[in-house]
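Below you'll find the structure, written out as structure tokens, and then a few comments.
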Amino acid sequence: MTFDANIACVSGLQNRYQKDSIAVNSKQSSVETNQSLNTKLQLLNNIIENSSDFIAALDSDFRYVLINDAYRREFENVFGVKVEVGMSVVEALGNSPDELTKAFKLWQRAVNGEQFTVIEEFGSKAPNVYYEITFNPIQDENGVCIGSSHIVKDVTTSIRAQEEIQLLNAQLEEQKKTLRESEEANGLQIAKRKSVEANLRETEEYIQLAAWAADMGLWSWNPNTDEAVWNDKCKLLFGFNLHRKISYEVFIDAVHPEDRERVNTEVKRSVAENVGYDIEYRVIWPDGSIHWLAAKGRVLYDEQGQALSFIGINRDITARKQQQERYTNQLRGLSQAALAINSALSIHEVIKIITEQARLIINAHQSVTSVTIDENWSQKISTVSLSDKYADYQEYDTPSDGSGIYRCVCDTNRVMRLTQAELEAHPNWLGFGKEAGKHPPMRGWLAAPLVGRDGRNIGLIQLSDKYEGEFTEEDEQIIVQLAQMASVALENARLYEAEQLARNQSETANRIKDEFLAILSHELRSPLNPILGWSKILQTRKLSEAKTAEALAIIERNAKLQSQLIDDLLDVARILRGKLTLNKNGVNLISTIEAAIETMRLAAEAKNIDLRFNISGNFGHQVLGDSNRLQQVVWNLVSNAIKFTPVGGNVLVELQKIENYAQITVSDNGKGINSDFLPHVFEYFRQADSATTRKFGGLGLGLAIVRNIVEIHGGCVQAESLGEEMGATFTVKLPLSKNQQSQRSSDGDETDKFPVSLDGRNILLVDDDEDSREFISFVLTAEGATVTAASSATKALEILQKSSPDILISDIGMPEMDGYMLMKHIRSLTAEKGGTIPAIAVTAYAGDSNQKLALDAGFQMHISKPVEPTELIKVTTNLIRNIS
């Protein structure tokens with residue numbers, strides 16, 4: 001039966017019984033326009049959970065994103081399918097093609113942005129079941145439709161009531177017809193007329209009862225006389241007293257001011273244009289509460305087209321409207337949370353947003369989000385959000401440690417929802433965590449895991465103490481969606497922070513490199529100034545013997561400084577490649593330390609520094625190691641101490657046995673080390689002061705070399721300082737050797753036992769640099785050797801064809817044919833033509849790889865430039881001794 005037919009039936013009764021009052025009243029729940037988002041969301045959750053209406057929502061792909069229990073049960077009852085979140089409409093109604101077609105058309109309208117209400121018949125149950133379905137599009141903050149919600153209500157009773165009204169109207173018309181026929185034909189007796197009238201009154205009562213059962217208010221209004229007749233239900237829907245006299249003015253004054261003009265326009269349009277009256281509006285009760293009504297009506301006209309009566313029904317839709325509003329707000333809250341989370345760049349900012357939004361959307365008093373690093377809870381990051389209810393716990397900052405019941409969520413990566421009773425009964429509740437006593441009191445629990453792209457757990461979101469009632473299945477679905485969004489945002493934030501860290505590290509490395517290159521240029525050039533300056537003075541002026549000696553000493557000192565800088569660079573290169581080798585023997589640390597100190601004695605005396613060496617007890621222990629490298633360690637530490645100690649200061653070197661270690665301590669009362677720089681003091685190319693105004697020179701490599709030499713000896717080194725101008729202490733620990741027998745290095749012993757002279761030795765010298773050639777030739781000639789010099793490899797080969805030198809000394813870096821090529825060519829010759837001549841490589845290429853290349857090419861010895869005269873003679877005589 002259509003609504004129009006239903007109205008027509010009621011119209012017939014209204015014309016006959018105009019004086020009877022048919023009234024409708026409505027009730028509305030108060031929704032304050034400034035109500036907070038938290039209260040709206042909480043009310044939405046309760047309404048969805050407890051509503052007898054069937055509520056669901058679909059996204060733009062027609063997949064369910066929300067289903068309440070009532071909808072799920074009714075759907076299974078009607079269609080025999082268990083519908084779940086994530087299921088598409090096609091999957092749900094695939095076995096009912098006719099039902100699918102009907103439903104799909106309706107949902108398509110809603111997804112296209114249309115808001116409407118229809119009454120449809122669904123299912124194959126007999127008798128038929130009718131549903132009133134209200135569709136609402138869901139839009140994001142930009143007004144783009146992202147899905148639709150629909151609220152379904154079983155209106156079979158209402159439809160049945162309308163059908164009953166239709167049937168009763170038909171019976172009434174039949175009785176009226178019979179009455180007329182009886183009066184016209186036989187002159188109906190008065191008693192019979194009264195009987196018919198009684199039947200009509202009974203029929204009217206049935207109509208009133210049917211309207212009441214359908215929860216509808218019946219009304220009529222005569223536009224010409226302004227006479228209105230409402231039934232009691234209609235008056236109650238407006239909050240009126242049942243004795244209230246009704247007029248159009250009374251009606252329109254009860255309508256909400258914001259809806260009044262719209263309602264008045266629709267009434268006038270229906271009367272003037274003979275169109276159906278179908279509208280939803282708010283009314284204000286006398287107590288000030290606001291309620292929603294749905295009204296439908298039709299105007300009845302006489303034969304001349306004059307309006308006789310405007311009749312219709314009202315129905316309370318307050319609960320549906322509130323439910324729609326709360327559901328929309330909840331979805332909007334999720335959308336806003338997603339935007340806020342995705343716009344955050346740091347992990348801490350993401351976690352803070354997640355925690356706050358989770359508590360607000362779910363309407364809980366407590367919310368905690370914890371994020372771990374590689375599932376390590378000792379390195380977790382946590383944020384807590386508490387309502388004013390827990391003001392006494394606002395300073396609480398010791399959230400979960402991943403033990404106890406939290407482990408259930410993190411290990412399984414599954415959501416958990418428990419009432420307080422279920423929580424306390426859970427076997428893992430007692431293992432709540434070490435800080436359980438500091439937690440705010442719990443009242444129920446809802447927790448969802450945070451899961452990374454690789455499926456590993458990265459933390460959890462947990463809530464407790466919901467504003468009203470227990471956590472619901474809808475709450476669980478919402479927190480799962482929020483957790484999924486949060487997981488993606490957290491991983492993105494981690495990637496962003498990692499990229500930022502890598503960029504910062506790269507920028508720092510580049511800055512350090514630039515600073516190092518600037519310092520290197522300065523440190524290499526600075527010694528050149530006195531070397532070149534005094535050399536020029538010695539060449540152009542005649543100085544006194546004392547001044548000449550002073551100039552030569554300055555030149556030598558700065559040349560050695562340059563050589564030390566180069567050696568440090570080579571050592572670092574060896575260390576970085578893992579090529580730093582040790583010549584291990586039993587080392588007497590006392591003599592090693594004394595030798596290092598003696599090399600720095602003059603520097604200490606120049607600054608009037610008290611340099612002392614103390615030995616704790618009768619130290620007779622040895623370490624297994626390289627004596628030269630360990631001396632280098634002590635030298636570096638003592639050199640630094642002297643450099644950074646002011647005039648008149650103190651430097652103390654101590655040696656003692658600590659358990660199974662020999663401990664060397666170098667302490668001073670000098671500049672000290674800033675606490676910010678202290679963790680970086682042993683890093684390569686790092687200096688506390690790299691400015692051009694710095695007071696102390698150096699490349700910042702010494703301590704890095706110290707650390708590596710000590711570590712490859714199996715020891716450790718650490719630095720301590722109370723701060724700037726508070727001095728510094730460096731402590732080296734080296735494992736003691738198990739063999740305490742004194743072992744002397746054989747280096748140099750054989751030289752003393754078997755002295756060799758260069759007298760009468762013929763030496764072929766090859767070097768393209770004239771100054772180097774002249775210097776080496778002078779040193780060797782002074783020792784009695786006969787030197788034949790060649791400026792290129794080609795000339796050396798020519799000389800070799802004409803004579804048979806005893807030794808070949810060759811540079812490596814030469815044009816056209818370098819020293820490696822020269823040596824390989826010579827080794828390809830026969831012994832008679834000089835193919836077996838002993839050879840020494842002298843080169844500025846001082847790396848380990850260069851030494852290996854020289855030996856592979858056929859050289860027996862390798863000397864790095866700059867060449868010390870004593871070292872050149874020593875290497876040359878040792879080569880002769882080895883051959884002999």
Side-chain angles (χ1 to χ4, degrees), residues 36-57 59 64-73 84-86 138 147 149 151 322-338 341 353-370 384-387 389-390 405-406 408-409 412-423 426 440-451 459-487:
S36 69
L37 177 60
N38 290 345
T39 304
K40 291 181 180 180
L41 293 177
Q42 187 272 334
L43 289 174
L44 172 61
N45 291 331
N46 288 339
I47 289 296
I48 291 175
E49 177 63 21
N50 300 314
S51 176
S52 60
D53 290 351
F54 320 129
I55 303 172
D59 61 19
Y64 285 98
V65 296
L66 174 67
I67 306 171
N68 73 348
D69 288 339
Y71 187 101
R72 188 178 288 105
R73 290 192 299 269
E84 297 292 345
V85 172
I138 302 173
S149 68
I151 301 175
Q322 289 176 340
Q323 195 174 51
Q324 289 174 351
E325 183 180 2
R326 284 188 288 271
Y327 177 67
T328 300
N329 288 338
Q330 190 175 48
L331 292 178
R332 186 180 295 113
L334 280 174
S335 177
Q336 291 172 349
I341 290 171
I353 293 172
I354 294 168
T355 309
E356 290 292 334
Q357 291 296 324
R359 189 176 69 79
L360 294 176
I361 293 174
I362 303 300
N363 278 339
H365 288 288
Q366 301 178 30
S367 177
V368 178
T369 302
S370 298
V384 180
S385 176
L386 301 174
S387 71
K389 177 180 178 180
Y390 293 99
I405 198 166
Y406 301 115
C408 299
V409 176
T412 63
N413 275 339
R414 292 183 179 179
V415 66
M416 285 189 71
R417 174 165 54 94
L418 302 172
T419 64
Q420 183 61 19
E422 291 171 336
L423 180 64
H426 198 282
M442 305 287 282
R443 192 177 72 81
W445 193 58
L446 175 62
L450 300 172
V451 184
L460 81 163
I461 305 173
Q462 55 164 320
L463 299 111
S464 182
D465 196 356
K466 192 174 178 181
Y467 282 5
E468 292 184 11
E470 301 288 352
F471 293 108
T472 65
E473 184 177 346
E474 286 70 28
D475 296 334
E476 181 178 315
Q477 293 170 354
I478 291 170
I479 198 67
V480 166
Q481 294 182 51
L482 184 61
Q484 290 171 349
M485 292 188 297
S487 298

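Numbers here are sequence positions counted from 1.
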Worksheet item: Counting N and O atoms only, with roles assigned by atom type, does the side chain of D465 sit under 3.5 Å from a partner on the main chain of H365, one being a donor and the other an acceptor?
Response: no
Worksheet entry | T355 side chain vs S367 backbone, donor-acceptor pair below 3.5 Å | no
Atom pair [atom1] ([X]) and [atom2] ([Y]), whose distance is rounded to the nearest 0.5 Å:
X    : Y    : atom1 : atom2 : answer
L482 : I354 : CG    : CD1   : 6.5 Å
D475 : L463 : CG    : CG    : 8.5 Å
Q366 : S387 : CD    : OG    : 8.0 Å
S464 : L386 : OG    : CG    : 10.0 Å
Y64  : Q477 : OH    : CD    : 13.5 Å
R443 : K389 : CZ    : NZ    : 5.5 Å

Can you confirm whether [X] sits close enough to [Y] that some side-chain heavy atom of one is under 4.5 Å from a side-chain heavy atom of the other?
X    : Y    : result
L446 : V415 : yes
T472 : N68  : no
Q357 : M485 : no

Response to the item:
Sequence neighbours excluded, the answer for side chain to side chain contact (heavy atoms under 4.5 Å, CB included) partners of M416 is I405, C408, V409, L418, H426, W445
Fill in: Residues that R417 engages under salt bridge (Lys or Arg N to Asp or Glu O under 4.0 Å), provided they are two or more places apart
E476
Worksheet item: Where do Y390 and P441 come nearest, in terms of heavy atoms and distance?
Response: OH-O, 3.4 Å
Response to the item:
Heavy atoms of A486 and L450 approach each other most closely as CB-CD2, 4.0 Å
